Amino acid sequence: MARKPILDQTLAKAVEPARKALLEITNESSIGEHLEAVNDGERLVTHRFAALRPGYEGWCWFATLTRIPRAQAKDLTVCEVGIVPGEGALLAPPWVPWAERVSPEERDAERSAAAEASAAANDAEASAGEPTQGRVAEEIPDDESAGPDADAEAGTADSE
């Protein structure tokens, strides 16, 4: 059985370095009071702060800190910073697939619209093959090389 790591007191007391690390991703006015220091493992502590951003009620800023194993080492390393939902945080509802959230009436309307669109496409395709009265055919030159560049090409061929 593995022993439970003991809370590193140096890291647990490092509230201000944790707050300073959060200032790299947000402004000071959005960081509230220090809520807790959580032992995440041997020499690994996460500090949580209240989030004061509008729309983030119940969310917490966090900064995870560590240090090297020597007892006299006081240099801290910031592992990660961010924002996470806390208890009572406002979250988006779980995603529900369209087929499960759509009503039978909406599904029938979608099928009808698809059938009408398919029928209209078939009608347009069928009428495209029939000759249209009053339509003037474009004149196509007999010689494929005839065009704006034909004279220039003919001139270069004669000059060689």
Side-chain angles (χ1 to χ4, degrees), residues 1-130 132 135 138 140 144 147-149 152-153:
M1 184 171 170
R3 66 184 176 112
K4 184 177 178 184
I6 298 170
L7 178 66
D8 186 304
Q9 292 302 312
T10 303
L11 292 172
K13 293 176 184 176
V15 175
E16 285 311 308
R19 183 181 297 273
K20 186 177 177 183
L22 287 171
L23 292 175
E24 293 185 24
I25 64 167
T26 189
N27 57 29
E28 191 170 352
S29 64
S30 69
I31 303 172
E33 66 179 282
H34 183 259
L35 301 174
E36 63 182 340
V38 178
N39 185 25
D40 291 327
E42 193 170 337
R43 288 179 299 282
L44 188 65
V45 173
T46 298
H47 290 272
R48 291 201 171 100
F49 299 85
L52 303 178
R53 294 185 84 171
Y56 284 84
E57 186 175 324
W59 286 64
C60 303
W61 291 106
F62 73 90
T64 303
L65 307 175
T66 191
R67 66 186 184 98
I68 60 173
R70 286 186 251 143
Q72 68 271 22
K74 303 293 182 195
D75 292 336
L76 307 175
T77 300
V78 177
C79 299
E80 187 175 16
V81 292
I83 189 168
V84 293
E87 290 184 33
L90 180 62
L91 300 173
W95 184 78
V96 178
W98 177 83
E100 293 176 20
R101 71 177 182 261
V102 69
S103 70
E105 294 83 19
E106 290 173 317
R107 195 174 301 134
D108 292 342
E110 184 70 24
R111 287 183 184 140
S112 296
E116 289 174 13
S118 177
N122 289 341
D123 289 346
E125 191 175 289
S127 65
E130 299 173 8
T132 307
R135 190 173 187 187
E138 294 180 23
I140 301 173
E144 289 182 6
D149 296 328
E153 290 176 14

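The analysis underlying the following values was restricted to heavy atoms, covering all of them including side chains, and did not include hydrogens, waters or symmetry mates. Owing to the predicted nature of the structure, the values given are computational and were not obtained by experimental measurement.
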TODO: Locate the shortest heavy-atom distance separating G32 from L52; write the atom from each residue and the value.
DONE: CA-CD1, 3.6 Å

- [ ] Could you grab the distance from atom CG of L65 to atom CZ of R43, nearest 0.5 Å is fine?
- [x] 14.0 Å

Open item on the list: For a side-chain contact (heavy atoms from CB on, under 4.5 Å) check, start with the C-alpha distance between E24 and V81, then their side-chain angles and the critical distance, and finish with the verdict.
Closed with: CA-CA 9 Å; E24 293 185 24; V81 292; over 6 Å; no

TODO: Assess whether atom CD of E57 is packed by more than 12 heavy atoms of other residues, nucleotides or ligands within 6.0 Å.
DONE: no

TODO: With rounding to the nearest 0.5 Å, note down the distance linking CG in L44 to CG in N39.
DONE: 8.0 Å

TODO: Could you tell me the separation between the CZ atom of F49 and the OG1 atom of T26, rounded to the nearest 0.5 Å?
DONE: 12.5 Å

Open item on the list: Taking A114's backbone N and O only, do any of them form a donor-acceptor pair with S118's side chain (distance below 3.5 Å, no angle check)?
Closed with: no

TODO: Output yes when a side-chain donor or acceptor of E106 lies under 3.5 Å from a complementary backbone atom of S103, and no otherwise.
DONE: yes

TODO: Provide the closest heavy-atom pair for A89 versus G58 in the form atom of the first, atom of the second, distance.
DONE: CB-O, 3.6 Å

- [ ] Please test W59 against R53 for side-chain contact (heavy atoms from CB on, under 4.5 Å), starting from the C-alpha separation and ending with a verdict.
- [x] CA-CA 9 Å; W59 286 64; R53 294 185 84 171; over 6 Å; no

Open item on the list: For G86 versus C60, what's the shortest heavy-atom pair and its separation?
Closed with: CA-SG, 4.3 Å

- [ ] Could you pull out the closest heavy-atom pair between F62 and I83, with the gap in Å?
- [x] CE2-N, 3.6 Å

TODO: Please indicate whether L91 has more than 12 foreign heavy atoms, meaning atoms of other residues, nucleotides or ligands, lying under 6.0 Å from its CG.
DONE: yes

- [ ] Measure up the H34 and H47 rings against each other and bin them: parallel (under 30°), tilted (30 to 60°), perpendicular (over 60°).
- [x] tilted

Open item on the list: To the nearest 0.5 Å, what is the distance between CG on L22 and CZ on R48?
Closed with: 12.0 Å

- [ ] Quick one: do I31 and L23 satisfy side-chain contact (heavy atoms from CB on, under 4.5 Å)? Show the steps, please.
- [x] CA-CA 8 Å; I31 303 172; L23 292 175; 3.8 Å; yes

Task: Criterion side-chain contact (heavy atoms from CB on, under 4.5 Å) on L76 and L11, from CA distance to verdict - done: CA-CA 8 Å; L76 307 175; L11 292 172; 3.3 Å; yes

